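Here is the structure we will look at, set down as structure tokens.
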Amino acid sequence: CYALENMYLPISLHEIGGFAFQDVRGLKDLFIPRNVGKIGAEVFAGCSNLTLYIEKNEIPTTWSDKWNSANRPYILGSERDTPSHKTIRDKIMYVKKTDESGNHYAEIVKYDETEGELPETLTIPTEVTFDNETISVKSINENAFATAPKGKVRYIIINKEIISVGSNAFKGLTNALIFVRYDNTSFSSWPTNWNDGVLKTYTDFYEINTSPINPSNETDYIKYAAFGGANRVIIGGNFSTNHSLSFAQSDRYVEIAPKAFAGNEDIQKININSQYLTTIGDYAFANCYNLTDLSFTNTYNDGITTIGSHAFYTTLYNSEHNGLTSISINTKVGSTFENAQLIIGDSAFEKGYKTSGPVCTEIQTLSIQGNKTKFGQAAFKGCQFKEGCSVTLDNDSPKPDRYCFNQSGENLTINVPFALFDKMTTAWGWPLRDDSKDTDSGKIGLHNVATYTYQLYTYQKASETKTYERFGKAHIVVVAQ
């Protein structure tokens, strides 16, 4: 049925049976009066264009838990004439509502899929016009953007006028970052799941701006979000001729946002030497196929330095894709900085293959030094290392998650102090083989030599024939203290 577009159910109605409006595809507006005490399951299945206007202020427990399995947008506390008080502006549907003082305000109901795609930067407007009346936009309905195309929108800006946001309001915008203005004092009262599904939410936001990479070339720039305290978060940029990304100690970039440069094939080198930048977000440089060199130094931070999940993950399809070949990370600070820690997230540097075996160039140089360095699951899985590549741990380093060096060959060296080695063989339960003797000999002589080398075993489950490289085949070099 496509002819029926609007319907007002009678005030005397008390129950709506299951599947009652199934496949009424032309139906756009339906008003449900407050006397409806029961609604069956899947009532609106197939009603792809429908918006529901519900007179009740909350959903009754007597309605089936599958009454809205079609996930249609609905507005609680609607008046009988609400469907006629709606407007569509810039692909967004608004309805006019009345607050407790009798003043009109607008609520965002949903993204209207019939109007085309939303822009890359979605700024929630402060006001909208109904006929000749201009009123403030104050609320966003739950699931308002659930059906919006997820790829296009990257940035969502919420101004101070928004005082209410419903559950899962932006759930469809999975590639988006949300920025809440510094002068919005209401967001702390919104439901905890109002922003579920988006990449990340930032508060204390001022504006989005750009900064040239090279002052003589306006084509290449960094896009960043400005915050209180002059802090900045890098959210993207453009590289047409300059293929290096560099930050100095004085730059107030505190973070590279999730997916900021994901899929950018112009970046070749990254050089970070900043006391402020402490976070590289999830997928920030994922599948940057031509990125070969990473140097990250922050020896000033008395806190956590994080390289996020899949931050430099690369899916390699052929021999033209190499991924990183040089990695240098140094966040080591003095022993007096008790809170300092380096966290390398799950699959942060993993190389995945779409061919029948590794096709990447070996990582020629690897040097990682940090306080209490923590390696996430599969952090370096699939990376091939050249001899001389090393990771240095300290006494307080936590146990690396499993498979952190899986499928990474035998050339990686992990330098550990004697006290940490004790943990490895006891609390950690790492299976080690003594490389310097034919048989296992425990820790005999460790205090009398400069270094002692062990290699991590592979192991095999009794019920399976597959051999697992649980922590890879890295060599453990124990430094006597």
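Just so it is clear, the model here is predicted, and its values are computed rather than measured.
Between Y111 and F145, the distance separating the two ring centers is not shorter than 6.0 angstrom. Ring centers of Y202 and F227: under 6.0 Å apart, within the cut-off. Outside the 6.0 Å centre-distance limit, the rings of F205 and Y182 are not counted as a close aromatic pair.
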### Task
Take Y94 and I88, measure what side-chain contact (heavy atoms from CB on, under 4.5 Å) needs, and give me the verdict at the end.
CA-CA 6 Å; Y94 302 82; I88 296 175; over 6 Å; no

### Message
Does I304 form a side-chain contact (heavy atoms from CB on, under 4.5 Å) with K374? I'd like the steps, not just the answer.
### Response
CA-CA 11 Å; I304 296 175; K374 175 177 174 57; over 6 Å; no

### Query
Under the ring-ring contact (aromatic ring centres under 6.0 Å, His included) criterion, do Y74 and Y53 qualify, and how do the steps go?
CA-CA 6 Å; Y74 59 85; Y53 302 88; over 10 Å; no

### Query
What do the steps show when you test I208 against Y206 for side-chain contact (heavy atoms from CB on, under 4.5 Å), and what is the final call?
CA-CA 7 Å; I208 290 178; Y206 277 73; over 6 Å; no

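Remark: side-chain polar atoms of N339 are not paired, donor with acceptor, to backbone N or O of G303 under 3.5 angstrom. Here the side chain of E127 pairs no donor or acceptor atom with the backbone of S136 at under 3.5 angstrom.
The CG atom of D220 sits 10.5 Å away from atom OG of S244, with the distance rounded to the nearest 0.5 Å. Here the straight-line distance linking atom OG1 of T306 with atom CD of E255 works out to 9.0 Å at 0.5 Å rounding. In this structure, the separation between CG on D293 and CD1 on I327 is 10.0 Å, given to the nearest 0.5 Å. From S274, atom OG reaches atom CG of D251 across 6.0 Å, with rounding to the nearest 0.5 Å.
Between the side chains of S167 and N193, a donor-acceptor pair is found at a separation under 3.5 Å. Side chains of T201 and N195: a donor on one and an acceptor on the other come within 3.5 Å. Using modelled atom types, one finds a donor on one side chain and an acceptor on the other under 3.5 Å when comparing N175 with K259. Between the side chains of T129 and T134, at least one donor-acceptor pair of N or O atoms lies under 3.5 Å. For the 3.5 Å distance criterion, the side chains of H104 and E133 qualify, holding a donor opposite an acceptor. If you check the side chains of S139 and E107, you find a donor sitting under 3.5 Å from an acceptor.
Between V137 and I162 there is a side-chain heavy-atom pair separated by less than 4.5 Å.
Annotation: cation-pi geometry not satisfied between R72 and F44 (NZ/CZ under 6.0 angstrom from ring centroid, within 45° of ring axis).
Residues E120 and K223 are paired through a salt bridge, judged by an N-O separation under 4.0 Å between the basic side chain and the carboxylate.
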